[in-house]
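Beneath this line is the structure, given in structure tokens, with notes to follow.
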2 protein chains.
Amino acid sequence: MALDLLPVVDSAPATCCTPRAEAAITAEDAVALARTLKALADPARLRLLSLIAAHEGGEACVCDLVGPIGLSQPTVSHHMKQLAEAGLVTREKRGVWAYFTIVPGAVSAVSDHLALHLGVATAGT
Amino acid sequence: MALDLLPVVDSAPATCCTPRAEAAITAEDAVALARTLKALADPARLRLLSLIAAHEGGEACVCDLVGPIGLSQPTVSHHMKQLAEAGLVTREKRGVWAYFTIVPGAVSAVSDHLALHLGVATAGT
DNA sequence: TCCTTGTATCGATGATTGTCGATGCCATGA
DNA sequence: TCATGGCATCGACAATCATCGATACAAGGA
């Protein structure tokens, strides 16, 4: 679930130089965006994502993550479920192992939505 | 506090074409980034930021926000304090009113850190 | 000086969350 | 068939959080 809640900026392709935000975010969009941000807003999950991104092949199984992050296996599994439900990672079971991969564009979609509704350019413009 | 916890990408100017993240995020950086993300990861605070960004002059006082967001005045004040402590807004008291402004570059700094550590380009690359 | 008004703080409460140990499930190999 | 090992789920617990009403504070005006 919650996989299609953050399409990569489907709205507001219109003007390019507005100094401020396009318009106030709707309550529903705020809930959806907050849900994804909440999945990111935890040190353990940020480190898990970073470990996966830095891992060989861009994928990692739970057993690759438990050691480096210093948390128990159930806790890591719990965090990975959170990330998967937020659409930030995908789970692929190969044999006994469950490999996780970062969903391309998911994080940048969050950045784009923030920039869109908060009137901030993505870089330091 | 926590104002200098997120300098705009001070690390990893080295190589430019690595397909994945530069390196795994450190535990301390993860805590700092998660703290800022946690300030963003709430529907009410996202809407407050968006209201300020969309408001005339890019600034708004508490009385401008209580009505549109449908929360009590103490709750709005509480959220604004969270945002201010995260370095996302600044508070300027003029007379009886407290005007809030979005800190330029604060949100984009978050995006940059995410892109840096999760190996994702800021756009759809 | 007193009253009004906009904000911030306090205390309380219900809900959510991060973490763990114990346990269950499933695929592989003997 | 049974044992092993990787992973997910369950139940519990402590901590954090979002929200509110009541109240305190501060600035301007009468």
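Panel note: side chain B/D64, backbone B/C61; a donor-acceptor pair is recorded below 3.5 Å.
If you find the closest nucleotide of DNA chain C to A/K93 and to A/R45, the one lying nearer the 5' end belongs to A/R45. For the pair A/F100 and A/K38, both in contact range of DNA chain D, the more 5′-proximal nearest nucleotide belongs to A/F100. Between B/A98 and A/Q82, it is B/A98 whose nearest contact on DNA chain C lies nearer the 5' terminus. Nearer the 5' end of DNA chain D, as judged by each residue's closest nucleotide, is the contact made by A/S77, out of B/D42 and A/S77.
Rounded to an integer number of Å, the gap from CD of A/E85 to C1' of D/dT9 is 13 Å. Across the protein-nucleic acid pair, B/M80 atom CE and D/dC17 atom C1' stand 18 Å apart, rounded to whole Å. Taking atom CG on B/L37 and atom C1' on C/dG18, their separation rounds to 17 Å, with Å as the unit. Atom CZ of A/R91 is separated from atom C1' of D/dA8 by 8 Å (rounded to the nearest Å). As rounded to whole Å, 6 Å separates atom P of C/dG18 from atom NE2 of A/H78.
Residue A/Y99 is classed as having no contact, given no heavy-atom separation below 4.0 Å to the nucleic acid. B/H79 comes within 4.0 angstrom of the backbone, heavy atoms only, and of no base. Using a 4.0 Å heavy-atom cutoff across all strands shown, A/R94 reaches no nucleic acid atom at all.
A/L118 contributes atom CG, which lies 9.5 Å from atom CD1 of B/I52 (distance to the nearest 0.5 angstrom). Considering NE2 of A/H78 and CG of A/L71, their distance stands at 11.0 Å, rounded to 0.5 Å.
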Could you list the donor-acceptor pairs under 3.5 angstrom formed between side-chain atoms of residues 86-97 of chain B and any protein atom two or more places apart in sequence or on another chain?
residue, atom, partner, partner atom, Å
B/E92, OE1, B/R94, NH1, 3.1
B/R94, NH2, B/E59, OE2, 2.8

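When only modelled atom types and interatomic distance are considered, B/S108 and B/S111 share no side-chain donor-acceptor pair under 3.5 Å.
Here A/K81 reaches the OP1 or OP2 of D/dT9: one of its side-chain N or O atoms lies under 4.0 Å away.
Taking all atoms of both residues into account, the shortest heavy-atom contact from B/A24 to A/S50 is CA-OG, 3.0 Å.
Within the structure, the salt bridge (Lys or Arg N to Asp or Glu O under 4.0 Å) test picks out no pair touching residues 37-47 of chain A (sequence neighbours left out).
Of the residues in residues 67-76 of chain A, A/Q73, A/P74 come within less than 4.0 Å of DNA chain D through at least one heavy atom, sorted by number.
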